[in-house]
J.: 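For reference, the structure I am asking about is given below.
Heavy atoms only: backbone and side chains are in, while hydrogens, waters and symmetry mates are out.
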Amino acid sequence: MHRIAIGKLATAVATALAVTAVPAATAAAAPSASSTAVAGDSFYAYDGSEPLSSYAPGAVLKTRTLQYHVVGIPTPVKAVQLLFRTVDAQGRPSAGVTSIVRSPNGDNGKAVSYQSFYDSLNPADSPSRAIAGDVSLGGLIANGESLLLVPLLLAGYNVIIPDSEGQSADFAAGPEYGTNTLDSIRAASQSPETGLNSGTRIGLAGYSGGAIATHWAAVLAPTYAPDVDKRLVGYAEGGLLVDPAHNLKYVGGSAIWAGVAPMAVLGAARSYDIDFTPYLSDYGRQVFKKLEYGSIINALGQYPGLTWKQMVKPEYANPNSVPPFVEAVNKLNLGSAATPNAPGLIVQGNGGVFEGTFSNLPGIGRGDGVMVAGDVRALARQYCDKGNTSIKYQQYELLSHVGAAVPWAPSALGWLNDRFAGKTPPSDCGRIPAGNSLAPEVPTTRS
């Protein structure tokens, strides 16, 4: 039985490898979400007779089983998809979606919640839609990540893949990423179709945008989902966003990553119902309009040299002179959030010059091209100081954001294997170099 299942999984892997070799020109010509069969899929809408607020967080609202697709091509692997009750960034009831893939040689005792780095402001780019067979340019990231799931499945882990940004694609809204992830785990544990249950042990894993979801889930678990927290064996992440206000300044003027800044502002505005229009310059409005439903693919390298000052009116040249901005970034600053109970593996690159980010501002320093290394070090040290000494921190001085993902993946799997095996978590507390201040931003008067 297991040999047959592994053979099927190998077929899926071969399919994934084949489609990832498709030329970029073909990818760019792929049909948009609106032109495919699953566009407007009724599965994503809650249409029950009872108010959504009447359900507990994590309650399963709909269930379906389908073939796992890679760039629209069905594979022999099956995925269970769930619509479940969760909350948005403002604590309002909402419906989330998650996908669960059973390991061919696992059991119901262990699962890894893998948070995708699909990084998009377009709901059509979510992992669940890619898995269901939808094809979009931004969704190619979630398709490519299929290769990262294979080692987990072959190692015996059932894999949970939440649409961590929610159904409105609130890019970079960390707290919402966290609640979506935690309620996804709850839903997967309650659904008979998944084979998982309330005793299934859980590991968290994610890189970059997936690290946002992974880390906020670990942070929120003790208070928002203590039932999940007691089952967490740990979280393994890399390329973490800690203090968005620092990242805005760090990537400003860079060659490749500058376009991510307006994406993050748009995501914060959407999640917290903020209207940034009064503060934007004519050019800023053009950029925001163009990226309103864009993905990371639409931003990378397409706005070289872009700065905050170019996007706003002259009197708002200092970001802290925009009150809604200060309010939003302070809500998203992990330095002001709680300390997770679970042990963590945190990997961070520091070779951002290789991705065109040469910034080295006082109080911010260098990073991997988009994430600030000093912020990540400061957060890890903060956890050590507050009593969670099960923190493993690894910084790669010569690797950029993309480069550090390569060693992160196998190290994350090895680290999670040890946690599920019950081994004592390693600790780098006392050896982590000093980082930046993670104090909240202070509003200032406009220029």
Side-chain angles (χ1 to χ4, degrees), residues 27 30-46 61-72 79-89 94-101 113-146 148-149 159-174 176-185 187-188 205-214 216-217 263-264 266-267 270-271 291-299:
S32 65
S34 61
S35 67
T36 59
V38 296
D41 192 338
S42 61
F43 179 78
Y44 290 80
Y46 171 66
L61 307 172
K62 291 182 183 179
T63 304
R64 70 180 179 186
T65 300
L66 42 71
Q67 288 177 283
Y68 192 110
H69 291 72
V70 180
V71 194
V80 176
Q81 294 193 326
L82 307 174
L83 183 77
F84 60 91
R85 198 273 212 193
T86 186
V87 298
D88 65 13
S94 62
V97 178
T98 189
S99 307
I100 299 91
V101 181
S113 181
Y114 176 82
Q115 287 61 251
S116 168
F117 49 83
Y118 61 109
D119 297 347
S120 180
L121 290 161
N122 190 340
D125 298 336
S126 64
S128 68
R129 290 189 179 272
I131 290 169
D134 207 348
V135 180
S136 67
L137 183 59
L140 289 177
I141 291 176
N143 280 293
E145 284 181 291
S146 299
L148 297 177
L149 306 183
V159 180
I160 306 168
I161 312 159
D163 290 358
S164 53
E165 295 183 11
Q167 291 210 57
S168 56
D170 295 338
F171 174 64
E176 185 170 352
Y177 281 35
T179 54
N180 279 323
T181 299
L182 291 168
D183 287 329
S184 160
I185 294 170
Y207 191 86
S208 189
I212 299 175
T214 296
W216 275 99
M263 280 189 64
L266 278 162
R270 185 181 295 175
S271 59
L291 289 175
E292 184 178 8
Y293 293 101
S295 78
I296 194 76
I297 294 176
N298 303 115

J.: side-chain contact (heavy atoms from CB on, under 4.5 Å) with A213: which residues, sequence neighbours excluded?
T.: Q115, S164, Y177, T181

J.: Checking side chain to side chain donor-acceptor pair (under 3.5 Å) against D163, which of S126, S99, S184 comes through?
T.: S126

J.: In the structure I gave you, are the side-chain heavy atoms of D41 and Q81 within less than 4.5 Å of one another anywhere?
T.: no

J.: What are the two closest non-hydrogen atoms of S128 and Y44, and how far apart are they?
T.: OG-OH, 2.8 Å

J.: Can you check side chain to side chain contact (heavy atoms under 4.5 Å, CB included) on S136 and D125, steps first, answer last?
T.: CA-CA 6 Å; S136 67; D125 298 336; 2.6 Å; yes

J.: If I take atom CG from residue N180 and atom CD1 from residue I185, how far apart are they, to the nearest 0.5 angstrom?
T.: 11.5 Å

J.: Between L291 and L266, is any pair of side-chain heavy atoms under 4.5 Å apart?
T.: yes

J.: About how many Å separate CZ of F171 and CD1 of I212, when rounded to the nearest 0.5 Å?
T.: 6.0 Å

J.: Side-chain contact test, heavy atoms from C-beta onward, threshold under 4.5 Å: evaluate it for E292 versus L121 and give yes or no.
T.: no

J.: With a 4.5 Å cut-off on side-chain heavy atoms, are S208 and D119 touching?
T.: yes

J.: If we ignore hydrogens and angles and just use 3.5 Å, is the side chain of Y46 paired with the main-chain N or O of L83 as donor and acceptor?
T.: no

J.: Between V101 and Y114, does a side chain to side chain contact (heavy atoms under 4.5 Å, CB included) hold up when you go through it step by step?
T.: CA-CA 11 Å; V101 181; Y114 176 82; over 6 Å; no

J.: Just checking, is any N or O donor in the side chain of S116 or E145 under 3.5 Å from an acceptor N or O on the other one?
T.: yes

J.: How far apart are the closest heavy atoms of M263 and A299, and which atoms are they?
T.: SD-CB, 3.7 Å

J.: Find the distance between CD1 (I297) and OG (S120) and round it off to the nearest 0.5 Å.
T.: 8.5 Å

J.: Does a side-chain heavy-atom distance below 4.5 Å link T98 with I160?
T.: yes

J.: Please confirm whether the backbone N or O of A205 pairs with a side-chain atom of T214, one donor and one acceptor, at under 3.5 Å?
T.: yes

J.: Evaluate the criterion side chain to side chain contact (heavy atoms under 4.5 Å, CB included) for residue pair F43 and L66; output intermediate values, then yes/no.
T.: CA-CA 12 Å; F43 179 78; L66 42 71; over 6 Å; no

J.: List the atom of N143, the atom of A130, and the distance in Å for their closest heavy-atom pair.
T.: ND2-CB, 3.8 Å

J.: Taking only residues two or more places apart in sequence, or in another chain, which ones meet Y207 in a ring pair (Phe, Tyr, Trp, His ring centres under 6.0 Å)?
T.: H401, W408

J.: How close do E176 and E165 get, heavy atom to heavy atom, and via which atoms?
T.: OE2-O, 3.8 Å

J.: Determine, step by step, whether S271 and D170 satisfy the side chain to side chain donor-acceptor pair (under 3.5 Å) criterion, reporting the C-alpha distance in whole Å, the side-chain angles of both residues, the deciding distance to 0.1 Å, and the verdict.
T.: CA-CA 6 Å; S271 59; D170 295 338; 5.1 Å; no

